Trainee: 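Let me give you the structure first, and then I'll get to my questions.
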Amino acid sequence: LSATATDLVSNSTTKSVSIMVDRVAPTLTISSPAEGYVTSTYSLAVTGTTTDPNDSLPPWLLVGLEHAPDEFISTFAFEGEFGDTVRLKANAENKIVVYSVDSAGNVTTATRTVIRDTSPPVVTVSAPVSDYVTNTNSIQIEGTVNDLTLDTLFVSEVAATVTSGTYQATVPLTEGDNTISIVAKDEVNLETTIDHKVIVDTTPPRITLTFPGDNSITRIYDIIVSG
């Protein structure tokens, strides 16, 4: 662009400036963490790359969590690479947002959702009741489990079927008292174990009659039986 000024006696001055039109946003890639990453830590490093071939200055970056806009970190990429640390909300999904902005104001956005899990699984048994008595050689254990990142749930070393926060597993039993251990572990290795007792009794009752004697004869309609 150029501009020329001329006075009344025809003296003139011309000035020129160069302007580049840039409508291309920077490239932006988050290298770490991966989508769906699970951690128990308070903070997490966010790294990646960003470049803008149309700009001599490195892009300006904002890095933070979607639910905490006041805590975004402002930084610049060094030789196309960036890295910052964000604080994570406990026991929740955290959406990490990175903005890359060039000198012309073009913006590229990238996101990652990670989970911070700091609590062990919560496990209950809904059936059977504790100290339940049965004469079968197996029983189905049912209950509920709650955890953001549940990984495994075993009932007396039998892998349980887990659906929408409920679980069930059929386990073998032996005569007498059976202590059934329910063990739940999540993806950050937090573990919960609860014990549940079931009693197996397959022995029928014994009856001994002391009166009347065998083959007794009587003329009355009511008789006291003891034993």
Side-chain angles (χ1 to χ4, degrees), residues 22-124 143-155 159-167 181-195:
D22 181 5
R23 295 178 179 174
V24 179
T27 62
L28 175 62
T29 301
I30 298 177
S31 305
S32 179
E35 180 69 19
Y37 180 74
V38 177
T39 182
S40 61
T41 60
Y42 172 73
S43 60
L44 186 65
V46 180
T47 63
T49 59
T50 183
T51 58
D52 188 349
N54 295 328
D55 198 337
S56 60
L57 297 175
W60 170 54
L61 291 131
L62 286 171
V63 182
L65 298 181
E66 185 178 55
H67 70 264
D70 294 339
E71 298 180 8
F72 270 73
I73 301 167
S74 176
T75 186
F76 284 94
F78 178 72
E79 295 183 351
E81 297 183 352
F82 68 89
D84 279 294
T85 300
V86 296
R87 293 181 295 179
L88 301 177
K89 184 179 179 181
N91 296 314
E93 290 188 348
N94 292 262
K95 187 174 183 180
I96 299 170
V97 183
V98 180
Y99 300 101
S100 180
V101 187
D102 65 17
S103 299
N106 299 304
V107 181
T108 300
T109 305
T111 63
R112 285 287 187 276
T113 299
V114 301
I115 299 172
R116 183 185 176 204
D117 187 354
T118 60
S119 299
V122 178
V123 182
T124 66
T144 63
V145 59
N146 182 31
D147 192 89
L148 274 174
T149 64
L150 183 69
D151 187 25
T152 60
L153 193 151
F154 286 90
V155 181
T161 300
V162 181
T163 305
S164 300
T166 63
Y167 70 88
S181 294
I182 299 99
V183 182
K185 183 183 291 186
D186 62 22
E187 293 184 23
V188 291
N189 290 321
L190 297 172
E191 184 176 292
T192 298
T193 299
I194 62 172
D195 292 331

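Bear in mind the structure is a predicted one, so any value in this text is a computation, not a measurement.
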Trainee: Treating Arg87 as the side-chain partner and Tyr42 as the backbone partner, does any N or O pair qualify as donor plus acceptor under 3.5 Å?
Mentor: no

Trainee: Distance alone, cut at 3.5 Å: any donor-acceptor contact between the side chains of Thr124 and Thr144?
Mentor: yes

Trainee: Mind checking whether Ile73 and Phe82 have side chains closer than 4.5 Å, heavy atoms only?
Mentor: no

Trainee: Using atom types as modelled and distance alone, determine if a side-chain donor or acceptor of Ser100 lies under 3.5 Å from a backbone N or O of Thr108.
Mentor: no

Trainee: In Å, rounded to the nearest 0.5 Å, how long is the span from CD1 of Ile96 to CD of Glu66?
Mentor: 11.5 Å

Trainee: Let me confirm one number: the NZ-CG distance from Lys95 to Leu65, rounded to the nearest 0.5 Å.
Mentor: 11.5 Å

Trainee: Take atom CD of Glu35 as the centre, draw a 6.0 Å sphere, and report whether it contains more than 12 heavy atoms from other residues, nucleotides or ligands.
Mentor: yes

Trainee: Which of these, Asp52, Thr27, Val107, Thr51, sits in a side-chain contact (heavy atoms from CB on, under 4.5 Å) with Pro59?
Mentor: Asp52

Trainee: Please give me the minimum heavy-atom distance between Ser40 and Val188, naming the atom from each residue.
Mentor: N-CG1, 3.8 Å

Trainee: Looking at Lys185, is its backbone amide N or carbonyl O close enough to the side chain of Asp151 to form a donor-acceptor pair, meaning the two atoms are under 3.5 Å apart?
Mentor: no

Trainee: Side chains of Thr192 and Val145, heavy atoms from C-beta outward: is any pair under 4.5 Å?
Mentor: no

Trainee: What pairs with Asp147 under side-chain contact (heavy atoms from CB on, under 4.5 Å), at least two apart in sequence or on another chain?
Mentor: Asp117, Pro121, Thr149, Leu150, Asp186

Trainee: Under a 3.5 Å threshold, yes or no: a donor from one side chain and an acceptor from the other, between Thr47 and Ser32?
Mentor: no

Trainee: To the nearest 0.5 Å, what is the distance between OG1 on Thr85 and CG on Leu44?
Mentor: 8.0 Å

Trainee: Looking only at atom types and distance, does a side-chain atom of Asp84 sit under 3.5 Å from a main-chain N or O of Thr75, one as donor and one as acceptor?
Mentor: no

Trainee: Ignoring hydrogens, what is the shortest heavy-atom contact between Asn106 and Ala25? Give both atom names and the distance.
Mentor: CB-CA, 3.6 Å

Trainee: Testing the basics here: between Ala77 and Gly80, what is the closest heavy-atom pair and its distance to 0.1 Å?
Mentor: CB-C, 4.1 Å

Trainee: Minimum heavy-atom separation for Phe72 and Val97, please, with both atom names.
Mentor: CE2-O, 3.7 Å

Trainee: Shortest non-hydrogen contact from Ile30 to Arg112?
Mentor: O-NH2, 2.8 Å

Trainee: With a 4.5 Å cut-off on side-chain heavy atoms, are Leu88 and Ser43 touching?
Mentor: no

Trainee: Do Leu148 and Glu187 have side chains that get closer than 4.5 Å, going by heavy atoms?
Mentor: no

Trainee: Is the CD atom of Glu93 crowded by more than 12 outside heavy atoms at less than 6.0 Å?
Mentor: no

Trainee: Of the non-hydrogen atoms in Leu28 and Val98, which two are nearest, and what is the gap between them?
Mentor: CD2-O, 3.5 Å

